[in-house]
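Both ligands and their constituent atoms are indexed starting at 1 by order of listing. Here the structure is a predicted model, which means the values were calculated and not measured.
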Amino acid sequence: MPGTRFTDIRRFGSVDSTNRYLLDEARSGAPEGVVAVAGYQTAGRGRLGRRWEAPPGSNLLVSVLLRPSLAPGQRHLATGAVALAAGDAAEHLSGAGLALKWPNDLIGPDGQKVAGILAEGDVRGPGAGPTELAPAVVVGIGINVNWPAGDTDLPPELVGRACSLRQLAGHPLDLAELLDAFLVALEPRVDGLGSLRGRAELAESLRSRCATIGAAVRVEGADEIFDGRAIDLTADGHLVVEADGRRRTVQAGDVIHLRPGAPDGRAQEGESEPL
Ligand code: BTN
């Protein structure tokens, strides 16, 4: 994309996973800014070891290679930069209002999942490539652009929990146009990762778009599961949850928005699920 760091765009009709591809490129010393985009992935990766599926040519499946100067505890901001850029681009082209669901989803007005993000790295270590390069973070996003066209395309368990921009806009969208708008929007967000002020602005933008803040949530971490109310994001993009009278900062894990008033804590539509 001219005027951005994203000038090396590698396009695949089909690839196993754009994230896997860029992680391998990063290990061989590829610089920040390389982009991989696929019409189809044979082994698309979702979070928590899940698969990410989409029919050929229907959705935007793209990964970017970043080498931000971030401490390990700040890496979530790279995911945030991608989420904000994708949200802005998708809103602009579809006219739909989109929000962020912590940690890594874009959701529609009724909480349905429209996009998911998977960040992978740090690849420093044996065979990780030239040490003068900052550690790589590969951030991949799958945006439901033209699939599903309608709820009948979805497996029953995802009806009401996932949707596409096409459904929200009422018409199909152009994938190439969305990719261009995304990369243009991402450029200043990635610039922002490099300064204290930029990171503060990023965190503020994340707060203002985060539908999780204020929601009753169930946090599913590696070691425990607990319920509480999400009240804020930290300067590093981590979720602050009030639970049992104390504030807890959640750095990783799955978060389910609980349906207000549901006595059994059932998950709200839009709960993070693979497609
Ligand atoms: C999630 O589980 O919500 C994250 C899904 C991330 C999917 C994208 S599609 C492009 C990139 N390549 C992959 O293999 N995964 C990510």
Side-chain angles (χ1 to χ4, degrees), residues 6 9-27 30 34-66 75-76 78-87 89-90 98-108 111-121 123 136-148 154-155 157-158 161-165 175-176 178-179 182-183 186 210-212 220 239 252-257 267-275:
F6 305 109
I9 301 179
R10 305 188 187 173
R11 298 171 197 274
F12 298 89
S14 174
V15 70
D16 55 343
S17 155
T18 54
N19 266 31
R20 193 283 309 154
Y21 170 79
L22 278 190
L23 282 166
D24 281 355
E25 290 300 291
R27 287 189 185 101
V34 181
V35 177
V37 58
Y40 182 64
Q41 295 183 127
T42 55
R45 301 179 185 177
R47 288 181 69 238
L48 307 170
R50 295 165 178 156
R51 291 284 298 266
W52 185 265
E53 316 264 8
S58 56
N59 289 348
L60 188 59
L61 309 168
V62 60
S63 301
V64 293
L65 170 51
L66 303 178
R75 298 275 162 79
H76 190 71
T79 301
V82 167
L84 288 168
L98 300 176
L100 308 180
K101 174 179 172 286
W102 197 93
N104 72 333
D105 291 344
L106 283 176
I107 59 174
Q112 321 94 309
K113 181 162 174 167
V114 174
I117 297 173
L118 176 67
E120 298 185 90
V123 296
V137 181
V138 170
V139 189
I141 181 164
I143 307 179
N144 301 337
V145 182
N146 291 320
W147 183 87
L154 287 171
E157 67 275 14
L158 289 182
R161 298 169 71 174
C163 75
S164 64
L165 294 176
L175 293 177
L178 181 60
L179 175 63
F182 165 60
L183 295 176
L186 186 56
C210 183
T212 306
E220 299 183 343
L239 188 68
D254 240 10
V255 165
I256 295 168
H257 290 190
Q268 185 187 20
E269 290 173 354
E271 174 186 358
S272 179
E273 281 294 331
L275 278 183

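When atom types are taken as modelled, the side chain of N104 and the backbone of I117 share a donor-acceptor pair closer than 3.5 angstrom.
Looking at residues two or more places apart in sequence or on another chain, you find a salt bridge (charged side-chain N to carboxylate O under 4.0 Å, His left out) between R10 and D8, E25. The ring-ring contact (aromatic ring centres under 6.0 Å, His included) check on F6 picks up nothing, with sequence neighbours excluded.
Looking at K113 against ligand 1, only its side chain comes within 4.0 Å, counting heavy atoms. Contact annotation for R20 and ligand 1: no heavy atom of the residue comes within less than 4.0 Å of the ligand. Using a 4.0 Å cut-off between heavy atoms, I117 contacts ligand 1 through its backbone alone, with no side-chain atom that close.
Between R20 and E120 there is no salt bridge, since no side-chain N of the basic residue sits under 4.0 Å from a carboxylate O of the acidic one. In summary, R47 and D254 engage in a salt bridge, as defined by a charged side-chain N under 4.0 Å from a carboxylate O.
Those atoms of ligand 1 with a heavy atom of G142 less than 4.0 angstrom away are 7 (C), 8 (C), 9 (S). Listed by atom number, the atoms of ligand 1 under 4.0 Å from T18 heavy atoms are 10 (C), 11 (C), 12 (N). Annotation for ligand 1: atoms under 4.0 Å from non-hydrogen atoms of V62 are 10 (C). Listed by number with element, the atoms of ligand 1 under 4.0 Å from a non-hydrogen atom of S63 are 11 (C), 12 (N). Residue G44 approaches ligand 1 through these ligand atoms, each under 4.0 Å from one of its heavy atoms: 14 (O). Within the listing of ligand 1, atoms 5 (C), 6 (C), 7 (C), 13 (C), 14 (O), 15 (N), 16 (C) sit less than 4.0 angstrom from a heavy atom of R45.
In this structure, the ring of W102 has its center no less than 6.0 angstrom from the ring center of H257.
Put simply, part of Q41 is less than 4.0 Å from ligand 1, judged by heavy atoms.
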Could you walk me through whether Y40 and F12 pass the ring-ring contact (aromatic ring centres under 6.0 Å, His included) test, one step at a time? CA-CA 8 Å; Y40 182 64; F12 298 89; over 10 Å; no
